[in-house]
Structure formats: C-alpha cells, structure tokens
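Positions are given from 1, in the same order as the sequence printed here. Keep in mind that what you see is a predicted model, and the values were worked out from it rather than measured. For the numbers below, each heavy atom of this structure counts, side chains included, while hydrogens, waters and symmetry mates do not.
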Amino acid sequence: QVQPVESGGGLVQAGGSLRLSCAASTRTSSIYAMGWFRQAPGKEREFVAAISWTRSSTWYADSVKGRFVVSRDDAKTTVYLQMNSLKPEDTAVYYCAAKSRGGSPYSSMTYDYWGQGTQVTVSS
C-alpha cells in the first residue's frame, strides 16, 4: 500500500519559490502516476500537476503552467513540486496523491492514496 507523505510547505512572499516533496512508502512498480492537488479555504480541491511513473509524462493545470514543475526521483520514490513566481492565490493546502491504475490524471477520483497535506501560504 502506498502512503504519500508531503513536506516542504511554509510561508513565502509573492514572487518567491518553494519546493514540495512527496515520499511514497512503496516500490515504484506499484505506482502508475503521482499528482499534486490543492485546496484553498472555502474552495473545492483542484488539480495542480501530475507525473507518470514510467514514461515521465507530465500534466499541469493552466493556472500553474510555466511556474510550477513536477519531477520524480526513482531512487528515492519521491516526487517533487517546484513552485516559482508564487502568487497569493496559490495559498492552499497541497496534497500529494498516488494512483495505481489508469484514468485521467486531472481527476482526484482516479487517485487511490492521499497524503495528509502541507500548508503553503503566499503573502502579498
């Protein structure tokens, strides 16, 4: 079973950068893709980015394209989210999720395992 664990959140000024990490406590052979979602207060959880585990395909929400980069490290069973040019509207709890099967990487419904989340706050 996969248990994603996020780290790296915090407080940053607008225009700054943060890197989130997500460690998955399982062999990578059981992971199809891993994704990042976020949820701001009073809003629904939304897709941010995802990466496939075998082909290194990546997907991004339009709101973060060109600013965020998702990557993975096979040796450490870890996925990263490099967030640059942060804006106050990026403030949210960021969740890492893992999926063991196909389906749209954009939909939270296709992910099987979720981390506890890490808070990212961007001040103006």
How close do [X] and [Y] get, heavy atom to heavy atom, and via which atoms?
{"X": "Q119", "Y": "A92", "result": "NE2-O, 3.4 Å"}
{"X": "A50", "Y": "P105", "result": "CB-CB, 4.1 Å"}
{"X": "S17", "Y": "S85", "result": "OG-N, 4.3 Å"}
{"X": "P88", "Y": "A14", "result": "CD-CB, 4.1 Å"}
{"X": "L86", "Y": "V12", "result": "CD1-CG1, 3.5 Å"}
{"X": "K43", "Y": "Q39", "result": "O-NE2, 3.1 Å"}

request  = Could you check whether the rings of Y94 and F68 sit parallel, tilted or perpendicular, using 30° and 60° as the cut-offs?
outcome  = tilted
request  = Give a yes or no on whether W114 and Y32 share a hydrophobic cluster (residues Ile, Leu, Val, Met, Phe, Trp, Tyr; joining criterion: side-chain heavy atoms under 4.5 Å apart).
outcome  = no
query = In this structure, which one of V79, V64, V48 forms a side chain to side chain contact (heavy atoms under 4.5 Å, CB included) with V70?
reply = V79
Interatomic distance, [X] atom [atom1] to [Y] atom [atom2] [nearest 0.5 angstrom]:
{"X": "Y113", "Y": "S100", "atom1": "OH", "atom2": "OG", "value": "5.0 Å"}
{"X": "L20", "Y": "Y95", "atom1": "CG", "atom2": "OH", "value": "13.0 Å"}
{"X": "T77", "Y": "M34", "atom1": "OG1", "atom2": "CE", "value": "9.0 Å"}
{"X": "S52", "Y": "R72", "atom1": "OG", "atom2": "CZ", "value": "6.5 Å"}
{"X": "T110", "Y": "R101", "atom1": "OG1", "atom2": "CZ", "value": "6.5 Å"}
{"X": "Y60", "Y": "W36", "atom1": "OH", "atom2": "CH2", "value": "12.5 Å"}

request  = Identify whether NZ of Lys or CZ of Arg in R45 sits under 6.0 Å from the centre of the six-membered ring of F37 and within 45° of that ring's axis.
outcome  = no
message = Is there a side-chain contact between V120 and M83 in this structure, where contact means two heavy atoms from C-beta onward sitting under 4.5 Å apart?
response = yes
request  = For residues V93 and T118, determine if any side-chain heavy atom of one lies less than 4.5 Å from a side-chain heavy atom of the other.
outcome  = no
Over 12 non-hydrogen atoms of neighbours within 6.0 angstrom of CD in Q116 = no
inquiry  = Between K87 and T91 (side chain of the first, backbone of the second, donor and acceptor by atom type, cut-off under 3.5 Å), is there such a pair?
reply    = no
query = What about the rings of Y106 and F47, do their centers lie closer together than 6.0 Å?
reply = yes
Criterion salt bridge (Lys or Arg N to Asp or Glu O under 4.0 Å) against R38, the qualifying member of E6, E46, E89 = E46
query = Do D73 and T78 meet the criterion of a side-chain donor-acceptor pair at a distance under 3.5 Å?
reply = no
ask   = Can D62 and K65 be counted as an ion pair, charged N to O under 4.0 angstrom?
value = yes
